[in-house]
Amino acid sequence: MNFFRQLPVSSSRACTAVKLTVLCFALYFLLAPLSVSAATLSTAFLPLKINSGKDVQELTVRADKLFSESLAAHGISLMPRPKAESMANYQGSWPPPPAALQSISKATGNDNVAAGNLTVIGKQISVDLKVFDALTPNSPKYFFSKANNVDELTTAINSVVLDVLAYTERDLRIGTIAPEGNKRIDSGAILRKINSRAGGAYNPATLREDLKAIYSMGYFNDVQIDVTDGPKGKNVVFKVVEKPTIAAVTFSGTDELSEEDVKGAANIREHFILNPAAVNAGAEAIKELYKSKGYYNTTVTTDISFPNEEGAVVTYTIDEGEKIYIKEISFDGNSAFDDDELRDQIETSEKGFFSWITASGLLEMDKIKQDAAKIVSFYNDNGYMEARIGEPVIRQEEEWLYLTFNIEEGPRFKVGTVDVSGDLLGDKATFVDMLTIRDEEYVNRSAIREDVMAITDYYAEKGYAFAEARPVMNKSASGSRVDLTYVINKGELVYINRIIIKGNTRTRDNVIRREIRLAEGGVFNSKALRESSQALQRLQFFEEVNITPEPTIEPAKMNINIEVKERSTGTFSIGAGYSSVDEIIVMGSISENNFLGRGDQLSLSANVGGKSSRYNLGYTNPHLNDSELSWGADLFNTEREYDDYTKKSNGGGLRIGYPLIEKWRIFGNYTYTDTDLSDISDDASWVITESAKVPVTSSVGVSLVRDTRNKTFGATEGSKHMISTQYAGGPFGGDAQFTKIEASTSWYFPLIWKTVLHLKGAAGQAFENENDKFPVYERFYLGGINTVRGFEYGKISPMNDGDRIGGDQMWYTNVEIIFPIIEDQGIQGITFFDAGQVYGDEDQRSDDDPESAVGLGIRWLSPMGPISVVWGYNLDPRDDEDSSVFDFSIGGTF
């Protein structure tokens with residue numbers, strides 16, 4: 001028999017034939033399901049006999065359950081084991097003798113009886129079934145399947161059941177099912193769209209739905225069903241006629257937009273299966289693209305032709321029309337707020353002078369709908385709780401569009417009494433004090449939402465993850481005031497069940513877990529959850545960090561899913577500068593911040609100039625044995641040629657760190673440096689000649705650091721504070737004898753228009769613990785991209801006999817305004833004012849005036865890493881100083 005999805009009609013006689021055919025189909029599809037449902041299944045299934053050396057009882061229960069579920073999927077019931085044991089002897093020979101089987105067949109009214117064994121040999125399990133015909137019980141049919149372990153038992157039983165049903169119910173089962181005629185569309189893709197399956201029930205109604213499902217794929221011009229009888233049941237074939245492929249897609253009329261952009265919007269490609277609906281959808285997408293660019297009257301027509309057998313040619317003909325802008329945005333029905341106030345609330349704007357740059361005045365329907373919602377929110381936040389806005393009206397007059405928002409303001413409501421009730425944790429006053437709605441004269445929905453968030457977050461921090469705060473508003477009798485009560489339902493106290501980490505292929509689990517402020521078995525805490533997310537992001541090991549609480553079957557327990565997307569953690573940086581001393585200076589470093597996935601840091605840096613070089617190899621373990629104790633080691637080599645001497649140093653050091661209270665951490669270090677001063681000129685300062693007699697510096701240092709910045713690069717809020725001291729000599733040996741104290745504080749304040757004010761101040765004081773034991777190279781110097789910009793590195797220094805000898809006191813300050821240039825790309829601009837000075841016993845300037853500079857800069861968190869470019873202007877240059885200095889640095893990832 002054949003079922004046709006499409007029937008050609010060419011004449012009135014054909015129409016009559018179609019009507020008769022449709023009538024036959026209707027009768028068939030109405031009656032066929034009745035015949036299937038009316039048929040009775042003719043096989044009685046007995047529970048399996050279990051043959052196993054151990055766990056017989058457990059295996060029996062499991063086998064009966066799986067066997068029963070497999071049969072139930074086909075509308076068949078397994079004979080209960082007690083009933084089967086009363087009708088057949090499970091302790092005797094198995095399967096039962098023919099006489100017993102005939103008795104079971106007669107008692108159950110079935111033509112066939114299926115009985116078999118489940119046998120365990122080692123780890124392998126075999127399932128054997130024999131099907132006995134009551135008329136010829138001495139000629140049973142054998143069916144067999146096996147499982148490699150208990151977990152595969154379900155599959156084995158299902159396989160045997162399907163084989164038995166395919167044999168006993170051949171007229172009511174599908175033996176085979178497959179598509180035919182498909183060349184480009186995979187057969188598996190077709191079969192996944194249908195519900196009928198080989199071995200399953202043969203149901204014409206289901207096949208009819210399967211035919212519709214295949215046709216709805218959009219890949220076929222015709223779909224037919226062919227059904228024939230086979231040894232295992234009905235052989236079903238879906239005969240399909242594929243639509244042609246697209247040989248070419250052409251566009252005409254694209255003048256204002258690039259053909260590539262239009263082609264991308266249409267999303268129709270060569271070698272796609274031709275789908276007229278998709279072609280038309282592409283035309284609509286092209287029109288929407290043009291609308292977003294201001295071409296409101298663009299028309300797009302499509303044409304599908306078949307010039308040869310290679311496939312179809314799809315042609316889009318575009319009439320772009322003229323670009324149309326919004327001439328005027330008006331509001332109707334507003335009396336509380338004027339048009340200008342409402343325009344400030346929306347993103348859509350009228351055409352402006354710079355519309356060719358800013359795209360102002362373009363009509364975007366999605367944006368207009370969002371603007372309507374913003375207007376309603378604005379009214380809701382100013383007491384108009386019942387404000388409504390109608391569908392925006394767009395009117396076109398010649399080359400202009402006119403947009404009107406129709407507003408129904410409604411009455412304005414003042415805030416009445418404010419109360420809190422329900423499950424209170426502590427005094428009511430605690431909750432009432434945190435409500436910002438109390439400070440509002442008129443009802444403000446945004447304030448109410450913030451209050452709800454504050455209350456629920458308060459509870460979530462104490463473990464009540466599902467706490468609710470429902471604002472109940474009651475209008476006064478006069479209708480001009482609203483009394484507000486927050487009704488709190490704290491829910492159950494929630495504990496952490498499991499912390500599940502996903503997405504880390506390189507970073508070890510313990511590196512992530514040690515940053516989590518929650519513990520399995522502990523009480524849920526939303527604040528700790530936020531801090532955990534921030535801690536993981538600060539590692540800078542991941543592009544994305546998503547921490548999601550997930551309810552479990554037990555209401556009082558919750559899983560925490562942590563999903564990360566790893567990023568490259570190896571970095572390199574390159575910087576360059578110019579000075580009259582070194583000419584070109586090249587700085588570079590290479591580091592791995594997640595060494596071996598352990599979270600350790602390994603770095604090598606170099607700074608090479610015409611007259612200087614510095615190399616440093618460093619290692620840091622931020623969490624020794626997953627504790628809060630960090631440690632590190634450094635090896636370094638430096639060399640620099642000064643006007644009056646050459647300095648060479650070799651050394652190393654050890655570092656440790658540990659958190660104190662809140663965000664404060666304490667760091668300690670020990671450093672050993674062996675320095676050689678050579679090529680000392682005859683007229684060098686006595687400070688330099690004395691320093692040559694102090695080669696070894698053995699020192700310890702302690703510092704306190706507090707860092708609350710939201711980002712290490714491009715911070716917009718937070719602060720960083722540091723105070724440190726270094727002690728050389730004394731019980732630690734060495735030649736140098738001095739003490740240095742330094743402190744700095746840095747603050748970030750967000751301003752309007754996404755600008756940020758950055759203030760930094762730093763100061764230092766040094767002491768000679770023994771005369772002439774404070775080397776010139778350990779003293780303070782300022783200047784350069786990291787201290788006072790507009791000066792070359794180390795140029796701010798006291799002088800002695802024409803030599804810069806450094807000082808024992810210093811201070812500097814940086815004032816920056818940071819503003820976005822291209823926010824999406826992470827490009828920021830800066831304007832700055834820097835000032836500072838270094839003091840000593842021999843300061844060349846008697847008035848001790850500070851050195852100062854202003855300048856401009858650009859910072860970019862590029863795909864390669866941070867890039868900084870700075871130009872500084874010296875406000876009062878000395879005779880030997882440049883009036884301006886240009887510095888830059890480049891970084892990247894690998």
Side-chain angles (χ1 to χ4, degrees), residues 499 507-520 522 525 527-542 545 562 569 591-603 605 616-636 651-673 697-713 715 718-732 739-747 760 762-764:
I499 298 176
T507 306
R508 302 187 184 189
D509 275 11
N510 67 298
V511 174
I512 297 175
R513 287 187 183 276
R514 67 194 184 198
E515 303 297 332
I516 305 303
R517 308 302 189 246
L518 296 166
E520 293 179 347
N525 186 322
K527 181 179 179 181
L529 203 66
R530 291 192 300 270
E531 291 177 346
S532 300
S533 178
Q534 294 168 359
L536 288 174
Q537 290 170 347
R538 279 198 299 268
L539 291 176
Q540 296 188 342
F541 297 166
F542 313 108
V545 176
I562 303 173
T569 53
S591 66
E592 171 54 63
N593 297 322
N594 189 11
F595 186 59
L596 301 179
R598 299 165 55 94
D600 298 350
Q601 301 161 10
L602 184 65
S603 64
S605 63
N616 190 92
L617 176 64
Y619 169 80
T620 302
N621 182 339
H623 293 276
L624 179 63
N625 295 329
D626 289 336
S627 71
E628 293 296 327
L629 179 66
S630 65
W631 76 275
D634 298 282
L635 294 174
F636 55 84
L654 295 173
R655 296 172 275 110
I656 60 172
Y658 196 80
L660 292 179
I661 57 175
E662 293 183 340
K663 300 291 184 178
W664 286 98
R665 291 184 66 91
I666 186 170
F667 296 92
N669 66 79
Y670 170 78
T671 306
Y672 181 91
T673 307
T697 300
S698 177
S699 67
V700 295
V702 177
S703 60
L704 295 172
V705 179
R706 184 177 189 269
D707 191 351
T708 61
R709 295 173 299 171
N710 59 343
K711 291 182 287 186
T712 55
F713 184 91
S719 61
K720 182 179 181 180
H721 315 286
M722 183 274 293
I723 182 169
S724 67
T725 182
Q726 180 186 2
Y727 179 85
F732 303 103
T739 302
K740 289 171 69 174
I741 300 174
E742 295 183 69
S744 66
T745 181
S746 186
W747 298 81
K760 180 179 180 180

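Not a single donor-acceptor pair under 3.5 Å links the side chain of Asp634 to the backbone N or O of Gly652. Proximity of a side-chain donor or acceptor of Ser627 to a complementary backbone N or O of Leu629 within less than 3.5 Å is detected. No donor-acceptor pair closer than 3.5 Å links the side chain of Ser699 to the backbone N or O of Gln726. At distances below 3.5 Å, not a single donor-acceptor pair connects side-chain atoms of Arg598 with backbone N or O atoms of Asn621.
Annotation for Gly599 and Asn594: closest pair N-OD1, 2.8 Å, computed over non-hydrogen atoms. Closest approach of Ser532 and Ala528 over heavy atoms only: OG-O, 2.7 Å. Nearest heavy atom pair, residue Ser744 against residue Ala762, reads CB-CB, 3.9 Å. Across Thr745 and His721, no two heavy atoms sit closer than the pair OG1-ND1, 2.7 Å. In terms of heavy atoms, Glu628 sits closest to Pro659 at O-CD, 3.4 Å. Across all non-hydrogen atoms, the minimal contact from Gly657 to Phe667 is CA-CD2, 3.7 Å.
Residues Ile516 and Leu536 form a side-chain contact, since some pair of their non-hydrogen atoms from C-beta on lies under 4.5 Å apart. Within the 4.5 Å cutoff, the side chain of Ile666 has heavy atoms near those of the Val702 side chain. Put simply, the side chain of Thr671 reaches to within 4.5 Å of the side chain of Phe636, judged on heavy atoms. Side-chain contact check for Gln601 versus Ser603: every heavy-atom pair is 4.5 Å or farther apart. The side-chain heavy atoms of Glu515 and His623, taken from C-beta on, include a pair separated by under 4.5 Å. Looking at Ser724 and Lys740, their side chains never come closer than 4.5 Å, going by heavy atoms from C-beta outward. Contact of the Asn525 side chain with the Arg517 side chain is not registered, since no non-hydrogen atoms from C-beta on lie closer than 4.5 Å.
The aromatic rings of Tyr727 and Phe732 sit perpendicular to each other, their planes meeting at more than 60°, with 30° as the lower class boundary.
For Val511, the side chain to side chain contact (heavy atoms under 4.5 Å, CB included) partners two or more places apart in sequence, or in a different chain, are Thr507, Arg508, Arg514, Phe541. Looking at residues two or more places apart in sequence or on another chain, you find a side chain to side chain contact (heavy atoms under 4.5 Å, CB included) between Arg709 and Asp707, Thr712, Ala715, Lys720, Tyr748. In this structure, the ring pair (Phe, Tyr, Trp, His ring centres under 6.0 Å) partners of Trp631, at least two apart in sequence or on a different chain, are Tyr619.
One finds the CZ atom of Arg655 at 8.5 Å from the CG atom of Asn669 (value rounded to the nearest 0.5 Å). To the nearest 0.5 Å, atoms CG (Asp509) and CD1 (Ile562) are separated by 9.0 Å. A distance of 9.0 Å separates CG of Asp600 from CG of Leu602, quoted to the nearest 0.5 Å.
Annotation for Lys527: atom NZ does not count as buried by contact number, only 12 or fewer foreign heavy atoms lying within 6.0 Å.
Side chain to side chain, Glu592 and Thr569 meet the donor-acceptor criterion of an N or O pair below 3.5 Å.
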